[in-house]
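Notes follow once the structure below has been shown.
So you know, we letter chains A, B, ... as the sequences are listed, proteins then strands, and number each from 1.
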Protein chains: 2
Amino acid sequence: MERIQTLLRNHDIRPSYTRMAIYRYLDEHREHPTVEAIYDALSATLPTLSKTTIYNTLNLFVRHHLVKEIDLQDHKRYDIVRTPHAHFKCDVCDTLYDIDITPPIAPKHADISDVRDAQLVYHGTCKRCRQAV
Amino acid sequence: MERIQTLLRNHDIRPSYTRMAIYRYLDEHREHPTVEAIYDALSATLPTLSKTTIYNTLNLFVRHHLVKEIDLQDHKRYDIVRTPHAHFKCDVCDTLYDIDITPPIAPKHADISDVRDAQLVYHGTCKRCRQAV
DNA sequence: CCTGTAAAATGTAATGATTACAAAAATATA
DNA sequence: TATATTTTTGTAATCATTACATTTTACAGG
């Protein structure tokens with residue numbers, strides 16, 4: 001908790017209790033939760049928590065490069081910023097798996113001035129769903 | 001137009017006039033248009049065209065692997081299926097550029113049974129927007 | 001301790017893309 | 001031509017996200 005407090009401060013974010021709780025949840029739940037999932041989980045201990053706060057806080061984290069937003073067909077998912085990796089989304093059960101591969105560096109391109117981030121998402125069917133047929 | 005008709009037939013899609021028009025638009029406009037853009041462009045010549053039809057048709061094309069859906073923060077974009085490539089999205093002007101790089105093959109992974117597709121999207125600022133500051 | 005001010009959190013309403021659904025139009029079939 | 005099927009359409013519903021105004025909390029200075 002000390003660690004999270006320092007981390008937020010280092011990123012120019014005042015470490016309120018709610019913010020630390022949201023960050024900690026993301027840190028301890030690496031399954032790329034949706035806002036809904038975070039809300040359901042934290043409401044138990046923070047009964048007055050509102051979804052708006054979660055949206056605000058996550059957007060704040062994203063702006064300050066603490067968290068990455070993963071854009072899928074339906075909801076947005078959120079992931080702690082850590083070593084570069086890719087994702088595999090099972091289009092049957094919607095689970096998002098981590099894949100241990102570093103996205104390639106973007107090649108030189110006439111229109112590109114500055115690349116900040118790379119998202120690599122594979123789509124398909126996971127083992128569990130394949131066997132369930 | 002003959003070509004498109006055959007293409008649709010080869011993918012088990014009956015080549016109605018509307019469907020061919022939508023496919024042709026995507027084929028001739030590689031800037032990854034949104035549904036809105038397609039609607040605005042085709043309404044001129046197909047005055048009764050409805051957005052629902054565009055949604056239906058694009059989803060049909062995606063199911064039959066004629067078109068790829070690109071998931072960004074806001075709207076979905078659509079792209080003709082062609083040789084594998086990546087995208088660069090300028091987060092200032094929202095333009096989506098093609099990048100001539102093949103996404104890497106997914107490595108072996110305990111949870112993956114079958115990979116159908118890979119989406120590689122870079123984020124940053126494009127030259128035009130960088131200079132506009 | 002108070003008190004005032006800024007920041008954070010909240011609740012409700014609005015937005016806007018996408019889908020559901022049922023009806024109308026077009027097309028194929030017999 | 002009549003009928004069945006497919007395609008298209010329009011409207012209404014859904015649902016994630018944001019806007020906005022208000023309330024609550026934290027905090028500095030007296």
Side-chain angles (χ1 to χ4, degrees), chain A residues 4-5 8-9 11-25 32-64 66-79 89 91 94 96, chain B residues 4-5 8-9 11-25 32-64 66-79 89 91 94 96:
Chain A
I4 293 175
Q5 193 166 343
L8 296 193
R9 281 229 176 79
H11 287 257
D12 290 319
I13 294 173
R14 293 171 59 173
S16 76
Y17 186 76
T18 309
R19 285 169 178 172
M20 289 197 289
I22 293 174
Y23 187 90
R24 186 174 58 177
Y25 185 84
H32 326 93
T34 62
V35 166
E36 190 76 21
I38 300 171
Y39 178 77
D40 290 346
L42 295 185
S43 286
T45 46
L46 294 170
T48 70
L49 183 66
S50 87
K51 274 192 195 167
T52 302
T53 299
I54 299 178
Y55 278 108
N56 289 341
T57 304
L58 290 174
N59 287 336
L60 182 74
F61 286 169
V62 169
R63 281 199 305 278
H64 290 251
L66 269 170
V67 163
K68 275 195 192 185
E69 191 178 285
I70 307 170
D71 304 311
L72 300 181
Q73 295 104 321
D74 42 2
H75 325 302
K76 291 177 180 163
R77 315 277 189 113
Y78 294 90
D79 199 8
K89 162 131 188 293
D91 288 325
D94 280 355
L96 194 63
Chain B
I4 293 177
Q5 193 167 343
L8 295 194
R9 282 228 176 80
H11 287 257
D12 289 319
I13 294 172
R14 293 171 58 172
S16 76
Y17 187 76
T18 309
R19 285 169 179 172
M20 289 197 289
I22 293 174
Y23 187 90
R24 185 173 59 176
Y25 185 83
H32 325 93
T34 62
V35 166
E36 190 76 21
I38 299 171
Y39 178 77
D40 290 345
L42 295 184
S43 286
T45 46
L46 293 170
T48 70
L49 183 65
S50 88
K51 275 192 194 167
T52 301
T53 298
I54 300 178
Y55 278 108
N56 289 342
T57 304
L58 290 173
N59 288 336
L60 183 73
F61 287 169
V62 169
R63 281 200 305 278
H64 289 251
L66 268 170
V67 162
K68 276 194 191 185
E69 191 178 286
I70 307 170
D71 303 311
L72 300 181
Q73 295 103 323
D74 42 2
H75 326 302
K76 291 176 181 164
R77 314 278 190 114
Y78 295 89
D79 199 7
K89 161 130 190 294
D91 289 324
D94 281 355
L96 194 63

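In this structure, CD1 of A/I13 is placed 17 Å from C1' of D/dA26, rounded to the nearest angstrom. Regarding A/Y78, its OH atom lies at a distance of 12 Å from the P atom of D/dA16, rounded to whole Å. In this structure, CE of B/M20 is placed 15 Å from C1' of D/dT8, rounded to the nearest angstrom. B/R63 places its CZ atom 11 Å from the P atom of C/dT19, with the value rounded to the nearest Å. Between the CZ atom of B/F61 and the P atom of D/dT8 there is a distance of 9 Å, given to the nearest Å. Nucleotide D/dT8 holds its C1' atom 10 Å from the CD1 atom of B/I22, rounded to whole Å.
Between A/T34 and D/dA16, a side-chain N or O to OP1/OP2 separation shorter than 4.0 Å is absent. Taking side-chain N and O atoms only, A/S16 has no distance below 4.0 Å to OP1 or OP2 of D/dT25. For D/dT18, one of the phosphate oxygens OP1 or OP2 lies less than 4.0 angstrom from a side-chain nitrogen or oxygen of A/N59. Residue A/R19 places no side-chain N or O under 4.0 Å from the OP1 or OP2 atom of C/dA7. Distances shown here put a side-chain N or O of A/Y55 below 4.0 Å from the OP1 or OP2 atom of D/dT17.
A/L66 has its side chain within reach of A/L8: a pair of non-hydrogen atoms, C-beta onward, lies under 4.5 Å apart. Two residues are said to be in side-chain contact when any heavy atoms from C-beta on lie closer than 4.5 Å; A/L60 and A/N56 fail this criterion. Side-chain contact check for B/L58 versus B/I38: some heavy-atom pair is nearer than 4.5 Å. Two residues are said to be in side-chain contact when any heavy atoms from C-beta on lie closer than 4.5 Å; A/I22 and A/F61 meet this criterion. Side-chain atoms of A/Q5 and A/R9, non-hydrogen and from C-beta on, do get closer than 4.5 Å to each other. A/R77 is listed as a side-chain neighbour of A/L72, based on a closest heavy-atom distance under 4.5 Å. By the 4.5 Å heavy-atom criterion applied to side chains, B/D94 and B/Q73 are not counted as neighbours.
A salt bridge is absent between B/K76 and B/D71; no separation between the charged side-chain nitrogens and carboxylate oxygens falls under 4.0 Å.
With hydrogens and angles ignored, the 3.5 Å screen pairs a side-chain donor or acceptor of A/H64 with a backbone N or O of A/H11. Not one N or O on the side chain of B/R19 forms a donor-acceptor pair closer than 3.5 Å with the backbone of B/T57.
Listed in residue order, the members of residues 41-53 of chain A having a heavy atom less than 4.0 Å from DNA chain C are A/T48, A/L49, A/S50, A/T52, A/T53. Within a heavy-atom distance below 4.0 Å of DNA chain C, the residues of residues 68-77 of chain B found are B/H75, B/K76.
Rounded to the nearest 0.5 Å, atoms CG (B/L49) and CG (B/D40) are 10.5 Å apart. A distance of 4.5 Å separates CD in A/E69 from OH in A/Y78, rounded to the nearest 0.5 Å.
Taking the nucleotide of DNA chain D with the nearest heavy atom to each of A/N56 and A/V35, the more 5' of the two is matched to A/V35.
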Base-contact (B) and sugar-phosphate-only (S) positions in nucleotides 24-30 of chain C, heavy-atom cut-off under 4.0 Å, - elsewhere: ----S--

